[in-house]
Undergrad: 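After the structure tokens below, expect a handful of questions from me.
Keep in mind that what you see is a predicted model, and the values were worked out from it rather than measured. Here is the naming used below: chain letters follow the sequence lines, and residue numbers restart at 1 for every chain.
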Number of protein chains: 2
Amino acid sequence: MTNPKTEIFEQFAELARVLGQGNRLELLEHAAQGERSVERLAQLTGLSLANASQHLQVLRRAGFVRSRRDGKRMLYRLGDGPVIELLGALRRYAEHSRAEVRGIVSSYFDRLDSLEPVSRDTLLQRLGDGSVVLLDVRPQDEFALGHLPGALNIPFADLERRLAELPTDTQIVAYCRGPYCVLSFEAVAALRAKGYDIKRLEDGFPEWKAAGLPVGVAGDHRLP
Amino acid sequence: MTNPKTEIFEQFAELARVLGQGNRLELLEHAAQGERSVERLAQLTGLSLANASQHLQVLRRAGFVRSRRDGKRMLYRLGDGPVIELLGALRRYAEHSRAEVRGIVSSYFDRLDSLEPVSRDTLLQRLGDGSVVLLDVRPQDEFALGHLPGALNIPFADLERRLAELPTDTQIVAYCRGPYCVLSFEAVAALRAKGYDIKRLEDGFPEWKAAGLPVGVAGDHRLP
DNA sequence: TAGTCATTCAATCAATAACTTGACTGATTG
DNA sequence: CAATCAGTCAAGTTATTGATTGAATGACTA
């Protein structure tokens with residue numbers, strides 16, 4: 001252990017171990033949407049409060065999340081290192097080489113959306129010439145914590161009731177929490193079935209934000 | 001577990017867990033140099049044969065390495081997914097947020113080489129106009145398995161004896177196994193003390209190869 | 001085909017990790 | 001200042017992991 005090389009590898013391994021737990025990755029995805037209390041995160045992931053708290057502390061020790069106190073609540077948010085980049089690399093590696101992931105993705109997601117997603121670059125271009133409407137299908141509170149500028153927020157649960165707000169003559173691009181967030185897949189499937197021209201954004205909100213692109217905050221629920 | 005999202009996170013976590021072990025990361029770095037037998041890898045890492053074998057099988061199941069039989073030996077090499085990219089992301093994250101890593105790096109490596117390393121792009125440019133000599137300080141057998149084109153191979157152990165082969169009027173750029181490989185740090189320190197104009201390449205051989213750049217094979221030990 | 005070599009497998013043990021439960025702490029509120 | 005609320009801590013249980021040992025396999029070699 002006195003060998004500096006061994007020690008460095010051990011440091012790297014320690015970080016990898018922190019990501020080596022499904023529940024922690026899920027907590028991390030939720031924290032990446034914006035600040036959240038421990039209770040909320042526990043709720044969102046279905047973990048017990050104590051368990052979520054402990055996982056969050058593990059994530060914090062590794063710098064993947066930061067926390068601050070707000071009254072009697074403790075709020076956790078994404079850390080400021082290149083966390084999203086690391087998760088992206090993990091995802092890309094998994095997609096490349098992991099038959100199981102490909103299997104789950106193709107059996108579940110691909111069935112819902114067989115078409116190619118829209119890339120961030122393509123979206124930026126299309127937003128520029130106004131040929132597209134952005135749809136954020138996350139719950140309203142997550143939207144309020146931050147969203148792509150100009151996005152229309154209709155939580156997936158409300159979609160049926162609020163169809164009138166969607167254009168029928170312009171293409172829609174839907175996004176949610178991340179590349180594997182189910183909401184946008186299902187939104188695309190549902191709306192496409194109703195005849196809408198809709199695609200899915202490849203990334204979610206955290207990836208957009210991590211790329212340094214501007215984000216909107218509570219208030220602007222409409223295109224400018 | 002029947003939830004597809006949970007299942008995907010679990011898959012990701014499983015991969016991260018495989019990287020969550022220092023010995024495996026070290027094996028991976030050695031396998032990234034080129035094909036190696038189990039015995040050799042065990043030797044290089046100081047692990048027992050059975051232990052190395054078992055770790056290699058874990059790495060193989062996750063696709064980080066591939067193996068093939070050659071007579072009675074089993075040869076392991078890097079897998080063909082974006083492994084180096086993932087390790088790079090892990091390294092960058094670690095450097096950003098991990099005080100311990102920064103501590104080890106600065107106390108050990110920075111003492112040896114306080115100057116900025118040369119980036120791959122810079123090197124490519126400099127190689128183009130011939131203003132630099134490339135030095136590979138890895139052992140000869142690793143060099144033989146693949147190296148940057150036109151590199152001169154002087155294993156670190158032989159450096160003192162073979163100083164005559166190095167130019168005194170041209171800058172030297174040294175590299176070895178990867179960003180944290182000790183050999184190139186020490187080579188730079190040793191040669192700089194003797195008055196040579198020498199810098200360290202930021203990456204090692206695996207990163208170069210993973211970037212899709214051409215690699216040389218056994219035979220061409222000299223600049224073209 | 002018996003012997004040898006390189007690797008893997010199986011059994012075992014100690015160490016670590018995940019989750020639960022219930023007690024504890026710190027900040028607000030009556 | 002007692003009560004409550006949000007989160008953390010500590011102890012215990014069970015499961016998983018890493019390492020060791022020795023036996024078993026599979027492929028060459030005399």
Undergrad: Using 0.5 Å steps for rounding, measure from the CD1 atom of B:Ile84 to the CG atom of B:Asp203.
TA: 9.5 Å
Undergrad: Look at the side chain of A:Gln33 and the backbone N and O of A:Glu29, then say whether any donor-acceptor pair between them is shorter than 3.5 Å.
TA: yes
Undergrad: In whole angstrom, give the distance that lies between atom CD of B:Gln21 and atom C1' of C:dA15.
TA: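 Atom CD in B:Gln21 sits about 12 Å away from atom C1' in C:dA15.
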Undergrad: Whole angstrom is fine here: how far is it from CD in B:Glu10 over to C1' in C:dA17?
TA: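 After rounding, the reported distance stands at 13 Å.
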Undergrad: Taking the axis from the first five pairs and the axis from the last five, what angle separates them in the helix from C:dT1-D:dA30 to C:dG30-D:dC1, rounded to 10 degrees?
TA: 10°
Undergrad: Assign each of A:Gly71 and A:Gly20 to its nearest nucleotide of DNA chain C by heavy atoms, then name whichever residue's nucleotide is nearer the 5' end.
TA: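 Here A:Gly20 is the residue nearer the 5' end.
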Undergrad: To the nearest Å, give me how far apart CD (B:Gln57) and C1' (C:dT8) are.
TA: 6 Å
Undergrad: Hey, does the side chain of B:Tyr76 come within less than 4.0 Å of C:dA6's phosphate (OP1/OP2), counting only N and O?
TA: no
Undergrad: May I ask you to check whether A:Tyr93 and B:Phe64 place their ring centers less than 6.0 Å from one another?
TA: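 Ring centres of B:Phe64 and A:Tyr93 closer than 6.0 Å.
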Undergrad: Cut-off 3.5 Å, side chains only: do A:Thr6 and A:Glu10 have a donor facing an acceptor?
TA: no
Undergrad: Is NZ or CZ of B:Arg91 both nearer than 6.0 Å to the six-membered ring centre of A:Phe12 and within 45° of the ring axis?
TA: no
Undergrad: If we ignore hydrogens and angles and just use 3.5 Å, is the side chain of A:Tyr175 paired with the main-chain N or O of A:Leu148 as donor and acceptor?
TA: yes
Undergrad: Donor-acceptor pair, A:Arg17 side chain versus B:Gly20 backbone, under 3.5 Å?
TA: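 Checked: pair present.
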Undergrad: In residues 40-53 of chain B, which residues come under 4.0 Å of DNA chain D by heavy atom?
TA: B:Ser48, B:Ala50, B:Asn51
Undergrad: Tell me, please, the opening and closing nucleotides of DNA chain D, 5' to 3', among those with an atom under 4.0 angstrom from a non-hydrogen atom of chain A.
TA: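 So the outermost contacting nucleotides come out as D:dC5 to D:dA10.
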Undergrad: Check this one for me: any side-chain N or O of A:Arg73 less than 4.0 Å away from OP1 or OP2 of C:dG26?
TA: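 So the side chain of A:Arg73 is outside the cut-off, no N or O lying under 4.0 Å from OP1 or OP2 of C:dG26.
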Undergrad: Which of the following nucleotides, C:dA6, C:dA27, C:dT8, is nearest to the side chain of B:Met74?
TA: C:dT8
Undergrad: Taking the side chain as every heavy atom from C-beta outward, state whether A:Arg40 and A:His30 have any pair of such atoms under 4.5 Å apart.
TA: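 Result no, sub-4.5 Å side-chain heavy-atom pair not found.
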Undergrad: CD of A:Gln54 versus P of C:dG22: gap in Å, rounded?
TA: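 Result: 15 Å.
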Undergrad: In whole Å, what is the span from the CZ atom of A:Arg69 to the P atom of C:dG26?
TA: 9 Å
Undergrad: When the distance from CG of A:Leu59 to P of C:dA17 is rounded to whole Å, what number comes out?
TA: 14 Å
Undergrad: Please tell me if the side chains of B:His147 and B:Arg138 come closer than 4.5 Å, counting only heavy atoms from C-beta onward.
TA: yes
Undergrad: Rounded to the nearest 0.5 Å, how far does CG of A:Leu27 lie from CD of A:Gln21?
TA: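 The distance works out to 9.0 Å.
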Undergrad: Consider the side chain of A:His55, meaning its heavy atoms from C-beta on, and name the nucleotide among C:dA27, C:dA18, C:dT20 that approaches it most closely.
TA: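 Side chain of A:His55 sits closest to C:dA18.
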Undergrad: Send over the distance from A:Asp70 CG to C:dG26 P, rounded to a whole Å.
TA: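 It works out to 18 Å between those atoms.
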Undergrad: In Å and rounded to the nearest 0.5 Å, what is the CG to CG distance from B:Asp136 to B:Leu183?
TA: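 Separation between the atoms: 9.5 Å.
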